[in-house]
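Both counts, for ligands and for their atoms, begin at 1 and track the order of listing. Computation of the quantities below employed the complete heavy-atom set of this structure, encompassing side-chain atoms and omitting hydrogens, waters and symmetry-equivalent molecules.
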Amino acid sequence: MSSLLQGVNLYLIGIMGVGKTTVGRLLAKELGYGFVDTDDVIAQATGKSINQIFTDEGEAGFRQLESDVLSQVCAFTKLTIATGGGIVLRRENWGYLHHGLIVWLDSPVEIIYSRLAEDTTRPLLQDADPKGKLRSLLEQRTPLYSQADLHITEREGDTPENVAKRVLEGIPGILKKAVSN
Ligand SMILES: Nc1ncnc2c1ncn2[C@@H]1O[C@H](COP(=O)(O)OP(=O)(O)OP(=O)(O)O)[C@@H](O)[C@H]1O
Ligand SMILES: O=C(O)C1=C[C@@H](O)[C@@H](O)[C@H](O)C1
Ligand SMILES: [Mg+2]
């Protein structure tokens with residue numbers, strides 16, 4: 001598979017909690033690729049948590065840092081990149097994402113909510129109605145996530161390993177499409 005990809009980066013997009021970081025690590029290992037998580041790079045570079053950045057600089061400040069990191073990461077090859085859930089919001093980010101193959105990891109809101117119910121690290125979910133917030137974010141972003149090259153929907157009982165396997169199985173099909181376009 002890695003010879004088929006020829007070093008082209010894989011970008012994982014999707015709503016928070018869908019498994020971009022978890023599945024991204026597995027994919028990198030399987031492909032012999034490096035792994036980058038844009039949220040982690042931002043936290044390391046600023047020395048602050050994502051929550052703290054949202055508090056200090058607002059969502060707009062965070063989005064600028066996110067675009068800066070993405071613009072730098074896309075200069076490298078042989079990477080699997082787990083992005084933040086909102087990376088799709090800025091038009092300029094799509095220019096960077098399209099340097100590689102874009103995979104949308106998708107999952108029902110109920111599953112995501114059950115995973116993140118106790119989580120306090122996602123500032124956008126610190127809401128009186130976190131499930132409603134997730135639903136509205138997903139509704140608002142679905143037209144954007146849909147621009148990915150590959151759409152993988154988590155099935156009942158799918159482990160992160162299963163999801164990674166289905167991503168790998170989907171890659172030859174999208175490479176073929178890219179060549180014939
Ligand atoms: N297929 C899965 N089955 C069970 N648990 C999962 C699965 N995928 C991810 N998880 C768990 O869900 C939680 C959220 O996953 P993860 O942090 O990878 O999501 P994310 O998409 O990177 O979120 P964010 O956009 O906020 O960074 C983690 O605790 C992870 O272990
Ligand atoms: O969906 C979002 O907008 C976010 C998702 C996380 O990955 C972080 O990037 C941050 O919490 C914002
Ligand atoms: Mg993540």
Between Glu139 and Arg135, does a salt bridge (charged side-chain N to carboxylate O under 4.0 Å, His left out) hold up when you go through it step by step? CA-CA 6 Å; Glu139 203 174 285; Arg135 198 167 274 125; over 6 Å; no

*asked:* Set out, in order, the CA-CA distance, both residues' side-chain angles and the distance that settles side chain to side chain contact (heavy atoms under 4.5 Å, CB included) for Leu31 and Leu168, then state yes or no.
replied: CA-CA 9 Å; Leu31 291 167; Leu168 292 172; 3.8 Å; yes

Note to self: Between Arg166 and Arg155, is the side chain to side chain contact (heavy atoms under 4.5 Å, CB included) condition met? List the steps.
What the structure shows: CA-CA 11 Å; Arg166 291 207 283 120; Arg155 298 182 193 136; 3.6 Å; yes

Run Trp94 and Ile102 through side chain to side chain contact (heavy atoms under 4.5 Å, CB included) and show every step you take. CA-CA 10 Å; Trp94 283 93; Ile102 310 169; 3.8 Å; yes

Report task. Please report the C-alpha distance between Leu27 and Leu10 in whole Å, then the side-chain angles of each, then the deciding distance to 0.1 Å, and finally whether the side chain to side chain contact (heavy atoms under 4.5 Å, CB included) criterion is met. Result -> CA-CA 9 Å; Leu27 284 169; Leu10 278 192; 4.3 Å; yes

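Those atoms of ligand 2 that come under 4.0 Å of a heavy atom in Pro123, given as number and element, are 11 (O). The Phe62 neighbourhood of ligand 2 comprises atoms 9 (O), with distances under 4.0 Å to a heavy atom of that residue. Within ligand 2, counting atoms from 1 as listed, the ones closer than 4.0 Å to a heavy atom of Gly84 are 7 (O), 9 (O).
Judged by the shortest distance from any of its heavy atoms, Arg63 lies inside the 4.0 Å radius around the atoms of ligand 2. Within the structure, ligand 2 has Arg141 among the residues with a heavy atom less than 4.0 angstrom away.
Checked by atom type, the side-chain pair Asp40/Gln44 shows no donor-acceptor distance below 3.5 Å. Side chains of Thr159 and Asn162: a donor on one and an acceptor on the other come within 3.5 Å.
Leu125 CG to Leu137 CG: the interatomic distance, rounded to the nearest 0.5 Å, is 7.0 Å. Note that the CG atom of Leu124 and the OG atom of Ser136 stand 10.0 Å from one another [nearest 0.5 Å]. Rounding to the nearest 0.5 angstrom, the gap separating the CG atom in Leu12 from the CG atom in Leu101 is 10.5 Å.
With a 4.0 Å cut-off on non-hydrogen atoms, Leu124 touches ligand 2 through its side chain and not its backbone.
In this structure the side chain of Ile87 never reaches within 4.5 angstrom of the side chain of Tyr96, judged on heavy atoms.
Residue pairs meeting the side chain to side chain donor-acceptor pair (under 3.5 Å) criterion with at least one member in residues 121-130, sequence neighbours excluded: Asp119-Thr121, Asp119-Arg122.
From the protein, the heavy atom lying nearest to atom 5 (C) of ligand 2 is Gly85 N, 3.2 Å. Considering only non-hydrogen protein atoms, atom 7 (O) of ligand 2 sits nearest to Asp39 OD2, 2.6 Å.
The shortest N/O to N/O separation between Ile50 and ligand 2 does not fall below 3.5 Å.
At a threshold of 4.0 Å, the pair Lys165-Glu161 does not count as salt-bridged, since none of the basic side-chain nitrogens sits closer than that to a carboxylate oxygen.
Residues that satisfy the side chain to side chain donor-acceptor pair (under 3.5 Å) test with Thr153, not counting sequence neighbours, are His151.
Under 2.8 Å from the Mg ion (ligand 3), one finds the following protein N/O/S atoms: Thr21 OG1.
Contact residues of ligand 1 (protein heavy atom closer than 4.0 angstrom to a ligand atom; sorted by chain and number): Ile15, Met16, Gly17, Val18, Gly19, Lys20, Thr21, Thr22, Asp39, Gly85, Arg115, Arg122, Glu154, Asp158, Thr159, Pro160.
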